[in-house]
Amino acid sequence: MSALNEVDRPSLTAFVQTAVMGLMTDDHVQVIMEPTGMSWFPVTHHLADAGVTVVRVKGKRVKALRRYLSGHAKTDMADAQILTAIPTFGGSLLDPVYIPDPRSHALQRLTKQKSRFQNEIADARQCLLDLIRWASHKLFCSVFRVSAVISRRP
């Protein structure tokens with residue numbers, strides 16, 4: 001997994017085992033994470049497999065709380081304290097992270113990627129049409145008509 005670039009699987013497993021060591025069966029542990037890219041995902045999987053409830057909070061919420069509590073200083077220690085304080089500041093309830101099964105997760109990622117590609121293609125098409133319009137209005141009208149016919153084809 002490329003998301004585990006800074007923390008390898010054995011050290012992550014050791015970290016989770018240390019975190020849950022000595023807990024009783026009725027003890028409840030909740031971890032609050034601020035997602036950064038997809039680096040939170042393998043950590044969440046390991047924690048969830050160990051019976052830990054993982055909650056994600058939006059980066060905007062953490063940033064706003066950081067601004068309120070500690071000025072504009074951003075340090076790892078300040079972020080950890082802010083994430084710890086989030087449950088006491090009310091607002092929306094913290095919902096556990098939903099971890100889809102691998103097949104569903106792959107489908108979600110592919111769907112997002114397809115959507116991104118479609119948007120990039122539409123943007124490139126629009127840019128090309130704008131350049132043609134700028135270069136020659138007559139050519140643009142012809143290309144636009146052909147493009148409209150091609151777009152309607154199944």
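The shown structure was predicted, so the numbers you read here are calculated from the model rather than taken from an experiment. Heavy atoms only: backbone and side chains are in, while hydrogens, waters and symmetry mates are out. Starting from 1, each residue takes its place in the sequence as its number.
Checked options V97, V16, I99; the residue passing with L47 is V16 (criterion: side-chain contact (heavy atoms from CB on, under 4.5 Å)).
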Requested in this report: Please lay out, stage by stage, how D123 and C127 fare under the test side-chain contact (heavy atoms from CB on, under 4.5 Å).
Outcome: CA-CA 6 Å; D123 291 346; C127 183; over 6 Å; no

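Take T53 and apply the side chain to side chain donor-acceptor pair (under 3.5 Å) test, not counting sequence neighbours, and it matches no residue. Applying the side chain to side chain donor-acceptor pair (under 3.5 Å) rule to D49 yields no partners; only residues at least two apart in sequence or on another chain are considered. Here D27 pairs with nothing under the side chain to side chain donor-acceptor pair (under 3.5 Å) rule; sequence neighbours left out.
The backbone N or O of T111 lies less than 3.5 Å from no partner atom in the side chain of S115, so there is not a single donor-acceptor pair.
Taking CD1 from I121 and CZ from R125, the interatomic distance works out to 11.0 Å, rounded to the nearest 0.5 Å. Taking CD from Q17 and CE from M21, the interatomic distance works out to 7.5 Å, rounded to the nearest 0.5 Å. Atoms CG and CG, on D101 and L107 in that order, are 9.5 Å from each other to the nearest 0.5 Å.
With contacts defined as side-chain heavy-atom distances shorter than 4.5 Å, the pair E120/F117 qualifies. In this structure, V29 and V20 have side chains that are not in contact, with every pair of non-hydrogen atoms separated by 4.5 Å or more.
Cluster membership for V54 and L23, using ILVMFWY side-chain heavy atoms within less than 4.5 angstrom, is shared.
Less than 6.0 angstrom separates the ring centroid of F41 from the ring centroid of H105.
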